[in-house]
Each structure stands twice: as C-alpha cells, then as structure tokens.
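Data block below; observations after.
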Amino acid sequence: MKNKKVLSPELVIEKGTIVYGNTLLQVKNISKISIEPMESKKFPYWSLVGLLVCIRLLSNEPTYGFIGIMIFSIPVLLNVLYNIALESYVVFSLNSGEKIYLSSKNENFLEKAVNYINNAIKEGENLVINFNNCNINGSKLSKGDIVEGNKIINGDNSDIVIGNHNNVNHNEDWEKLEKYFMHLLYDYKIDSEEYSCCEQAAVFCQEKNANQLKKLILKYEQVFENIVVNIASTGIIEALKNVTGIWF
C-alpha cells in the first residue's frame, strides 16, 4: 500500500472534487476521511535476531559481539524514534488502498477540518481550508479566484484548472497517452461515445493541451473512468495524473 504525505497547505473542495497542490482528486474515489497517525514502521525483527546472536558472542568474542550489538541496535533505535514521533493527520483513504495524509501545526484543528470536509462533500458545498493558518472559508468561489497559485474557473462546465501543467516537460507522458488513446480507437465503434472521447483525447495529447484534456475528462467522467480505471495500466494512470492533475 502506498502512502503519500501532502505538503500543500491549502485544500479546495468544489463540484465533487478535492484539490491540493497540483492534484485533483475526485470525491467518489475516497472511501473514508479520518484522523490518524502516519502508519508506523514495522519492527525490524531481523535486527533483534542479530542482537541475540551478538549477545551470545560476548562470552567468546567480546570485540565482535560488542560491534555487532552496536550495528544491530541502530535499526531498532531508529524504528522506535520514528514511531514515537508520529503525528496525527487528516487522512483520505482511497478506493485503491492508497492513503493521503494532510497535516496541521495545530492538531486540534484537524477534527474541525474533517467535520467541515465531510459536511461540504455531503451538502455539495465549496470549501477552502488552509492547514497552516487553520483557516476555513466556506464562501462560494468566484470566477478567477486564486488559491495558492491555482486558478479556479467557474465557466459553463464548472471546470477547475489547477496550475499550469504545460510549464512542466512531460513529453514522454504525452507520447504515451497519445499512443494509448489512438490504440483504443480500434476497440470501439466509430459512432460510440468512447470512440469520440478517445479521438479527442488523442488530439489534445498530440497538442499537449492539458486544460482541454482535463475539461474533456471532467465532462465525460464516467466514460473516461471506464477507459482508464478498467483498462489502463498503472503507467497510463500515472501519466494522466502528471499532465492533468486528475487522479483516477
């Protein structure tokens, strides 16, 4: 299971999506929101075995035994110190099994944040949470609002544009996605919605147009979920996240 600690101080909830940093996460992909510490590291039992062996060596080979004890004690000590220092986080548990951790300097703020997040998702409200300043803004985001460098645009399709992915060189990702969508054209009928989406997606990938590709995916969300989640490899999903910020 992969865990991800998010350093972005701001989280935005709008139109069934959660935005942090340059990542857009769809609410339906979240199975649970909770407060818990980062998962503790497993105890290095192999070091314990090594310690026992070295302790037995002390009677016959005290020098080697002492050196061995010092070496095998380090992993045990580091494990204990790491687990003791674990803080509490707001945790998004995803359907994929991955967990995303968001922290705050004020741990008392986390419970308040979770309550607001759950209510915003349930009621379909918009929300901006700053985990550094412990601020929560539930007012309606308006066209052109800037949140931590990310522009929120409420256009006809209520799209969310996060940052500018075109500023980052993702040539390999674009080429991989273009070939993927072009290949899928052979799997669908020309008059099908899937064919049309793949055709448009291939064009946007060729043009390296992240905003148009993102709008297309958000507009035909269910179609792309079937195309990506049920068929695509992990590499394709990762490439799509890199160029659009959309996480399936």
Side-chain angles (χ1 to χ4, degrees), residues 1-11 18 20-25 29-115 117-118 129-134 148 168-173 176 228-243 245 247-248:
M1 181 189 299
K2 292 193 302 180
N3 296 322
K4 181 178 181 181
K5 183 177 178 180
V6 178
L7 300 179
S8 175
E10 208 130 43
L11 178 142
I18 293 178
Y20 57 87
N22 283 331
T23 298
L24 185 152
L25 179 64
N29 290 334
I30 301 173
S31 60
K32 185 177 71 171
I33 301 175
S34 58
I35 299 175
E36 56 188 77
M38 183 79 75
E39 289 187 2
S40 60
K41 288 187 176 181
K42 294 181 179 179
F43 186 82
Y45 289 102
W46 58 271
S47 293
L48 187 59
V49 173
L51 279 172
L52 294 175
V53 172
C54 291
I55 290 173
R56 296 192 64 178
L57 274 176
L58 286 174
S59 57
N60 298 323
E61 298 286 348
T63 301
Y64 291 114
F66 180 76
I67 293 174
I69 289 174
M70 294 293 292
I71 293 174
F72 287 109
S73 295
I74 292 174
V76 175
L77 180 61
L78 291 177
N79 178 269
V80 172
L81 292 176
Y82 175 87
N83 290 336
I84 289 176
L86 289 176
E87 301 174 350
S88 293
Y89 297 84
V90 171
V91 182
F92 292 125
S93 299
L94 307 186
N95 296 331
S96 63
E98 185 170 0
K99 289 187 176 182
I100 299 171
Y101 293 79
L102 297 102
S103 65
S104 173
K105 296 176 182 178
N106 182 356
E107 290 194 10
N108 295 328
F109 175 73
L110 298 180
E111 184 174 352
K112 181 179 179 182
V114 168
N115 290 335
I117 291 170
N118 283 324
I129 299 178
N130 189 302
F131 284 90
N132 279 355
N133 300 328
C134 299
E148 202 62 23
V168 182
N169 190 344
H170 289 302
N171 288 333
E172 289 186 7
D173 291 324
K176 186 185 299 184
V228 176
V229 177
N230 299 333
I231 302 175
S233 65
T234 303
I236 293 297
I237 295 175
E238 186 69 23
L240 198 57
K241 186 186 78 171
N242 289 343
V243 300
W247 196 336
F248 282 94

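Throughout, numbering of the chain's residues begins at 1 and tracks the sequence. Computed from heavy atoms alone, side chains included, the values below leave out hydrogens, waters and symmetry copies.
Separating the CG atom in L78 from the CG atom in L81 is a distance of 6.5 Å, to the nearest 0.5 Å. Atom-to-atom distance recorded for K112:NZ and I35:CD1 is 13.0 Å, nearest 0.5 angstrom. The distance from the OG atom of S31 to the NZ atom of K99 is 9.0 Å, given to the nearest 0.5 Å.
Exactly one residue among L77, V76, I71, I74 makes a side chain to side chain contact (heavy atoms under 4.5 Å, CB included) with S47. That residue is V76.
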### Query
Run the side-chain contact (heavy atoms from CB on, under 4.5 Å) check on L51 and S73 step by step: do they pass?
CA-CA 7 Å; L51 279 172; S73 295; 3.4 Å; yes

### Message
Using the rule given for side-chain contact (heavy atoms from CB on, under 4.5 Å), can you reason through E238 versus N242, listing the C-alpha separation, both sets of side-chain angles and the distance that settles it, and then say yes or no?
### Response
CA-CA 6 Å; E238 186 69 23; N242 289 343; 3.7 Å; yes

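Qualifying side chain to side chain contact (heavy atoms under 4.5 Å, CB included) partners for I30, counting only residues two or more places apart in sequence or in other chains: I18, L25, I33, F92, L94. Residues that satisfy the side chain to side chain contact (heavy atoms under 4.5 Å, CB included) test with N115, not counting sequence neighbours, are E111. Not a single side-chain hydrogen bond (donor to acceptor under 3.5 Å, both in side chains) links S93 to another residue, sequence neighbours left out.
The list of ring pair (Phe, Tyr, Trp, His ring centres under 6.0 Å) pairs with a residue in residues 44-70, not counting sequence neighbours, reads F43-Y45.
Counting heavy atoms from C-beta outward, I69 and L58 have side chains that approach closer than 4.5 Å.
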